[in-house]
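The structure appears below as structure tokens.
We count residues from 1, following the sequence as given.
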Amino acid sequence: MKVKEQLLTLSPYKPGKPIEEVKKEYNLETVVKLASNENPYGCSNRVKEAIYEELNHMALYPDGYSAELRTALAEYLHVKGEQLIFGNGSDEVIQIICRALLSPETNTVMATPTFPQYRHNAVIEGAEIREVPLRNGDHDLSAMLSAIDEQTTVVWVCSPNNPTGTYVKQKDLMEFIKQVPKHTLIVMDEAYYEYAAQEEDFPQTVDLLDEYENLIVLRTFSKAYGLASLRIGYGIANEALLQRIEPAREPFNTSRMAQKAAIEALKDQDFINECKRKNEDGLQQYYAFCEKNGLNYYPSYTNFVLIDFGQPGDEVFQFLLERGYIVRSGNALGFPTSVRITIGTKEQNEQIIQLLQEYVSKHKSFA
Ligand SMILES: *Cc1c(COP(=O)(O)O)cnc(C)c1O
């Protein structure tokens, strides 16, 4: 059998070791996973009740237009319902954009390191990929602009960026957006929007949609809303653009459960605010640890932090794994001496920091 040649250069997504396996292998009673930026506080209790109701309708296809969620979200965001596209996670909206706009005749511009799904999907579509290195953890927007040409159909801006946690400032973004040609779609991936939105110079990109028809903003219910397992994310753009890319979306791509859950989750902004507050405290715990030990980190506007240990990230990862904490080694993320840790509960953070202190002190005495 002959699969598309470009698939041969890709490897399947490698999930982390399952918690049960780690417990057995290292003889641990509890193992905590803080590797995928999931919400350590779960989701709003309102969601659980709504899903229970939905169990009575399992035999029926979901509403392919997500009309009820569409109305609720449009109202929440102050946009028109027609300005929304839903996906099986924002991952799927990324895939839809790639299917609709990328081909071997086109190229696409993105930062590196950044969220790997832009590159992954672009490779499958056979597009040329132009990766522009980050500068101090931030998108180098002027270099990205220089990389755009007549054949560039998509440029990706991950803000806040995964895995660095930094965001593109309002002033810099405006400078950039004004210069991107109209034939290039600007994708603002704001998976961590809820954690960053309160910053004064964080750009409110939804306000730009009327003026810039080549802009789409991606957000998700997977991170702050705590609904990662249900797979629901969305794009916000102008109506005409979405009408053109909608045919690349599967008709029933989001489930009944996910749609209902998202509607309820939106109503509970107290839960989001509470999680944000605790997350902010958690970040401070890590910053204090880094500063005490002279470790470099990027100030984060997300629910994770990337810390540079000056030692192989795989080694730090393994050290924590054997002691019951699964994090992400920076090695696979483009930061070989760093580790990306999802902010957990206060107690989880304390325990990880205690272990990391042990690790750092040990390495200092050998240095
Ligand atoms: C987690 C994440 C996503 C994907 O989230 P979904 O679960 O597919 O909605 C998209 N972009 C970035 C930067 C992320 O970190």
Side-chain angles (χ1 to χ4, degrees), residues 1-15 64 84-134 139-141 143-159 161-163 176-177 180-191 212-220 222 231-238 240-254 332-334:
M1 203 171 316
K2 208 164 166 236
V3 301
K4 286 183 183 177
E5 203 160 301
Q6 59 267 33
L7 289 194
L8 303 176
T9 68
L10 298 172
S11 28
Y13 179 75
K14 235 185 32 236
L84 298 170
I85 182 169
F86 294 96
N88 187 35
S90 52
D91 271 349
E92 198 202 15
V93 186
I94 294 169
Q95 186 189 52
I96 292 169
I97 291 167
C98 290
R99 280 197 82 173
L101 283 109
L102 299 182
S103 67
E105 294 75 42
T106 67
N107 71 65
T108 181
V109 173
M110 63 191 72
T112 185
T114 189
F115 190 59
Q117 288 306 305
Y118 319 142
R119 182 178 204 286
H120 186 93
N121 284 290
V123 168
I124 293 174
E125 301 305 334
E128 182 203 332
I129 293 153
R130 300 185 174 176
E131 294 178 295
V132 178
L134 295 176
H139 282 59
D140 187 345
L141 292 179
M144 288 175 76
L145 206 51
S146 309
I148 293 174
D149 64 17
E150 278 301 309
Q151 280 69 49
T152 308
T153 50
V154 185
V155 59
W156 306 87
V157 180
C158 188
S159 178
N161 187 45
N162 184 355
F176 175 74
I177 286 190
V180 173
K182 293 290 167 229
H183 65 265
T184 305
L185 177 64
I186 305 161
V187 182
M188 292 297 301
D189 184 349
E190 300 182 351
Y212 298 95
E213 298 197 346
N214 57 334
L215 176 65
I216 185 166
V217 180
L218 309 188
R219 294 191 190 154
T220 180
S222 295
R231 315 302 302 125
I232 184 130
Y234 57 97
I236 323 159
N238 76 83
L241 169 70
L242 290 183
Q243 267 177 6
R244 275 178 291 155
I245 68 171
E246 267 281 343
R249 180 182 70 82
E250 278 182 57
F252 300 110
N253 62 333
T254 63
L333 305 175

Are [X] and [Y] side-chain neighbours, meaning at least one heavy-atom pair lies under 4.5 Å?
X: I148; Y: P181; value: yes
X: L134; Y: H139; value: yes
X: L242; Y: I216; value: yes
X: V93; Y: Y234; value: no
X: M188; Y: W156; value: no
X: E92; Y: E250; value: yes

Strictly distance-based, threshold 3.5 Å: is any side-chain N or O of [X] a donor or acceptor partner for the main-chain N or O of [Y]?
X: H183; Y: D149; result: yes
X: N161; Y: T114; result: no
X: N121; Y: R99; result: no

Testing the basics here: between [X] and [Y], what is the closest heavy-atom pair and its distance to 0.1 Å?
X: Y212; Y: N238; answer: O-ND2, 4.5 Å
X: N253; Y: N88; answer: O-CB, 3.3 Å
X: N107; Y: L102; answer: O-CD2, 4.3 Å
X: A147; Y: V109; answer: O-CG2, 3.8 Å

### Task
Quick one: list whatever passes side chain to side chain donor-acceptor pair (under 3.5 Å) with Q6, sequence neighbours left out.
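Q6 satisfies side chain to side chain donor-acceptor pair (under 3.5 Å) with no residue once adjacent residues are dropped.
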
### Message
Applying side chain to side chain donor-acceptor pair (under 3.5 Å), can you list everything that pairs with E213, at least two apart in sequence or on another chain?
### Response
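So E213 forms no side chain to side chain donor-acceptor pair (under 3.5 Å) with any residue.
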
#### Entry: From C158, P163, P133, residue fulfilling side-chain contact (heavy atoms from CB on, under 4.5 Å) relative to P113
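Result for side-chain contact (heavy atoms from CB on, under 4.5 Å) with P113: P163.
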
[atom1]/[X] to [atom2]/[Y] distance, rounded to the nearest 0.5 angstrom?
X: R119; Y: C98; atom1: CZ; atom2: SG; value: 12.0 Å
X: T152; Y: L101; atom1: OG1; atom2: CG; value: 12.0 Å
X: T254; Y: R249; atom1: OG1; atom2: CZ; value: 7.0 Å
X: R231; Y: F86; atom1: CZ; atom2: CZ; value: 15.0 Å
X: I177; Y: I186; atom1: CD1; atom2: CD1; value: 4.5 Å
X: R219; Y: I232; atom1: CZ; atom2: CD1; value: 15.0 Å

### Task
Under the side-chain contact (heavy atoms from CB on, under 4.5 Å) rule, what do E190 and L218 come out as? Steps first, then yes or no, please.
CA-CA 6 Å; E190 300 182 351; L218 309 188; over 6 Å; no

### Message
Let's go through L84 and I236 carefully: what are the C-alpha distance in whole Å and the side-chain angles of both, what is the deciding distance for side-chain contact (heavy atoms from CB on, under 4.5 Å) to 0.1 Å, and is it a yes or a no?
### Response
CA-CA 5 Å; L84 298 170; I236 323 159; 4.0 Å; yes

### Query
Please walk me through it: do L241 and N214 pass side-chain contact (heavy atoms from CB on, under 4.5 Å)?
CA-CA 8 Å; L241 169 70; N214 57 334; over 6 Å; no

### Task
Let me know which of T108, T112, D189 forms a side-chain hydrogen bond (donor to acceptor under 3.5 Å, both in side chains) with Y118.
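Considering T108, T112, D189, a side-chain hydrogen bond (donor to acceptor under 3.5 Å, both in side chains) with Y118 is found only for D189.
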
#### Entry: Check against side-chain contact (heavy atoms from CB on, under 4.5 Å), D91 and F115
CA-CA 10 Å; D91 271 349; F115 190 59; 3.4 Å; yes

